[in-house]
Amino acid sequence: MPLLSWSENYGTKIKQFDDQHKRLFDLVNQLHEAMKEGRGKEIIGDVLKALGDYTKTHFAAEEALMKTNQYPFYEEHKKEHNLLLVQVKHLQQQYQEGRAPVTPEVMNFLRNWIDDHIQASDKKYGPFFNGKGIV
Ligand code: FEO
């Protein structure tokens, strides 16, 4: 069973970001599978890197649209993004140095962070962007 399953409940009303969230879910699920199957360090490291890279790309896309449209919660939203990026980078470094395996606790942290962030913060921008004609 995947760790994260996208459903309309995660819908933000902005198609490009829903599509990006689906891709993020895929990457988290790939990492989860690799961890569960005890895949090699190299594979897990690659998936962790892909997840980190894609997260960065996705956050940058949201932030660019927010900035262009003067989204009133831009600063606080960006702070949440930055916090996760710092944590993912830290995890990647520790993993590469063999000091922190990807554990069920790490996966739960990622799942909960993504779930909370989409529900509490991302879904807030939908009506704002819709009001600007962005869907
Ligand atoms: Fe979809 Fe704000 O991250």
Side-chain angles (χ1 to χ4, degrees):
M1 208 175 117
L3 192 66
L4 272 168
S5 300
W6 197 90
S7 69
E8 287 301 327
N9 187 38
Y10 289 104
T12 62
K13 303 195 185 322
I14 305 297
K15 187 178 181 309
Q16 63 166 319
F17 296 146
D18 285 348
D19 289 345
Q20 291 175 7
H21 289 152
K22 288 174 192 170
R23 173 79 183 128
L24 270 183
F25 281 25
D26 280 347
L27 287 164
V28 169
N29 288 333
Q30 277 179 34
L31 184 60
H32 184 232
E33 284 303 312
M35 189 259 323
K36 269 198 324 193
E37 291 165 6
R39 304 285 291 276
K41 183 179 172 185
E42 205 166 300
I43 302 281
I44 293 179
D46 286 350
V47 181
L48 202 50
K49 182 174 183 326
L51 176 64
D53 289 349
Y54 194 75
T55 303
K56 243 188 252 173
T57 302
H58 167 61
F59 287 172
E62 282 187 351
E63 289 165 19
L65 198 67
M66 286 177 192
K67 207 158 187 192
T68 307
N69 289 280
Q70 297 175 319
Y71 181 59
F73 303 105
Y74 169 79
E75 290 296 340
E76 61 192 74
H77 201 115
K78 188 173 166 53
K79 264 187 208 157
E80 285 184 31
H81 286 172
N82 288 347
L83 202 65
L84 184 74
L85 290 178
V86 167
Q87 283 171 318
V88 168
K89 196 167 178 199
H90 185 65
L91 178 65
Q92 282 173 332
Q93 277 170 348
Q94 287 203 313
Y95 185 77
Q96 289 306 336
E97 291 162 11
R99 289 190 287 126
V102 176
T103 60
E105 289 73 29
V106 168
M107 293 312 307
N108 276 336
F109 162 79
L110 283 173
R111 180 192 56 195
N112 292 340
W113 191 94
I114 291 174
D115 188 272
D116 289 349
H117 181 74
I118 293 177
Q119 295 297 348
S121 300
D122 286 354
K123 282 171 85 168
K124 208 153 91 175
Y125 59 53
F128 174 83
F129 287 140
N130 290 168
K132 304 261 178 193
I134 301 160
V135 293

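As the structure lists them, so they are numbered: ligands from 1, and atoms in each ligand from 1. What you see is a predicted model, and the numbers here were worked out from it, not measured in a lab.
Ion pairing between Asp19 and Lys15 holds under the 4.0 Å rule for side-chain N and carboxylate O. With salt bridges taken as basic N to acidic carboxylate O contacts below 4.0 Å, one links Asp53 and Lys49. Electrostatic pairing of Glu75 and Lys78 does not count as a salt bridge here, judged by no charged N lying under 4.0 Å from a carboxylate O.
For His21, the N, O or S atom closest to atom 1 (Fe) of ligand 1 goes by the atom name NE2.
Listed by chain and number, Glu62 OE1, His77 NE2, His81 NE2, His117 NE2, Asp122 OD1 are the protein N/O/S atoms closer than 2.8 Å to atom 2 (Fe) of ligand 1, with waters left out.
Using a 4.5 Å heavy-atom cutoff, the side chains of Asp122 and Glu62 are in contact.
For the residue pair His81/His117, the side-chain donor-acceptor check at 3.5 Å is satisfied.
Rounding to the nearest 0.5 Å gives a distance of 13.0 Å between NE2 of His21 and CG of Asp26.
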